[in-house]
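So that the names make sense, note that chain A is the first sequence line, chain B the second, and so on, each numbered from 1. Side chains are part of it too, since the values below use all heavy atoms of this structure and drop only hydrogens, waters and symmetry mates. Computed from a prediction, not measured in an experiment: that's the story for all the values here.
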Amino acid sequence: MPELPEVEGFRRYLRRHAEGRRIERVRAEPGIVRNASPQRLGRALRGARIGPPQRHGKWLACPVGDATLLLHFGMTGSLVWSGQEPERHRHDRMLLSLEGGELRYRDMRKLGGVWLARPGQELEEVTGPLGPDAYRLDRGELVKILSGKRGGIKAALMDQRAVAGLGNLLVDEILWRAGVHPRRAIPELREDDLARIAETTEEVLRLSIEGGGVAPDGPWLLERRDRRDAACPRCGSPLDRVTVGGRTSVFCPGCQAP
DNA sequence: TTGCATGTTCCGGA
DNA sequence: GTCCGGAACATGCA
């Protein structure tokens, strides 16, 4: 699930259920805490209160006492509050026992993880360099960022150092709505192509965040991409797929000419 | 059994 | 230095 809209959903979920509560116990699988031992994570978090979580791109930064707990969800991560789901699950990799309930970090494939940032430590030491958050970026800035780059448009949109938060599915959705083939190189795009890309980025993020994930109100490529015989929701042409940057891109050969 | 999967990172080659 | 492709990480599903 986790691209920007889902992580924004996790931020709100954490606010609703866990913010302000005191951490009583911490349990974590060894490999899932990436820059500390589970013991040290426990020592840092135990007894502290969870502050207001912030999201930047696909990262969640959660103040806990004077430290910060950083969460990244990889491809299969999520948060679960015990009040919503009483049973633990075998893929729950970190458990925070709070007063009044338990918050669980769940991640089947373990491509995500949690990091501990010590007081005063820069978050970017953990996250690596990140561009501006895609949701708080205005269209003009996005056009400016993109037009300074040389490579393919899809790679640029997915590059977290350029813009933070967009992943494979979202970028396919954006390019489909903007009518731009995923293999196009930025220097050959016209200014109005970039303007349309910036506009649809804003639109796709707004709709999917408001819908709490991806809750389509109109035609979405996202809804159809998994079906092998899928047709373009706009023109009815059979959808096509290519590999770009090692990932599958779904696009409409009618609406997105090479 | 094989291929594929929403992310990131590292490596090698052009 | 830039850009791209491929592999790796761990696990489940069609």
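A salt bridge links A:Asp193 with A:Arg196; the closest basic N to acidic carboxylate O contact falls under 4.0 Å.
Atom CH2 in A:Trp115 sits about 10 Å away from atom C1' in B:dG7, given to the nearest Å. Distance CG (A:Asp159) to C1' (C:dC4): 13 Å, rounded to an integer number of Å. A straight line from CG of A:Leu166 to P of B:dG7 spans 10 Å, rounded to a whole angstrom. To the nearest angstrom, P of B:dT6 lies 9 Å from CG of A:Asp172. Taking atom CG on A:Leu4 and atom P on B:dT8, their separation rounds to 11 Å, with Å as the unit. Between the CG atom of A:Leu60 and the C1' atom of B:dG7 there is a distance of 16 Å, given to the nearest Å. Atom-to-atom, CZ of A:Phe73 to C1' of B:dT6 comes out at 13 Å; the value is rounded to the nearest Å. Between A:Leu221 atom CG and B:dT6 atom P the separation is 12 Å, expressed in whole Å.
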**OP:** Classify every nucleotide of nucleotides 5-14 of chain C by which part a protein heavy atom approaches to under 4.0 Å, writing B for the base, S for the sugar-phosphate alone and - for neither, in 5'-to-3' order.
**Re:** S---BBBS--
**OP:** Assign a letter to each nucleotide of nucleotides 9-14 of chain B from its 5' end: B, base within under 4.0 Å of a protein heavy atom; S, sugar-phosphate only; -, no contact.
**Re:** ------
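Only the P atoms considered, C:dG6 is 15 Å distant from B:dG3, to the nearest whole Å. The gap from the P atom of C:dG1 to that of B:dT8 amounts to 24 Å, rounded to the nearest Å.
Stretches of at least 3 consecutive Watson-Crick or G-U wobble pairs, with each checked distance under 3.5 Å, appear in DNA chain B as B:2-5 with C:11-14, B:7-14 with C:2-9.
Between A:Thr68 atom OG1 and A:Gln121 atom CD the span is 9.0 Å, to the nearest 0.5 Å. A:Tyr105 contributes atom OH, which lies 10.0 Å from atom CG of A:Leu69 (distance to the nearest 0.5 angstrom).
The hydrophobic cluster containing A:Leu4 also contains A:Met158, counting ILVMFWY residues as joined when their side-chain heavy atoms lie under 4.5 angstrom apart, directly or transitively.
Counted within 6.0 Å of CZ on A:Arg25, heavy atoms from surrounding residues, nucleotides or ligands total 12 or fewer; the atom is thus considered open. Surrounding CD of A:Glu191 are at most 12 heavy atoms belonging to other residues, nucleotides or ligands under 6.0 Å away. Taking a 6.0 Å sphere around CZ of A:Arg234, one finds it holds more than 12 heavy atoms contributed by other residues, nucleotides or ligands.
The side chain of A:Met75 sits closest to B:dA5 out of C:dC4, B:dA5, B:dT8.
With sequence neighbours left out, the salt bridge (Lys or Arg N to Asp or Glu O under 4.0 Å) criterion links A:Asp172 to A:Lys154, A:Arg225. Residues passing the side-chain hydrogen bond (donor to acceptor under 3.5 Å, both in side chains) test with A:Lys149 are A:Asp159, sequence neighbours excluded.
Judged by the 6.0 Å distance and 45° axis criteria, A:Arg177 is positioned over the aromatic ring of A:Trp220.
Applying the 4.0 Å criterion to OP1 and OP2 of B:dG7, one finds that A:His72 has every side-chain N and O outside that range.
Screening residues 127-172 of chain A for ring pair (Phe, Tyr, Trp, His ring centres under 6.0 Å), with sequence neighbours left out, gives no hits.
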**OP:** Let me see the working for A:Leu205 and A:Glu8 under side chain to side chain contact (heavy atoms under 4.5 Å, CB included), right down to the final yes or no.
**Re:** CA-CA 10 Å; A:Leu205 286 175; A:Glu8 176 61 20; over 6 Å; no
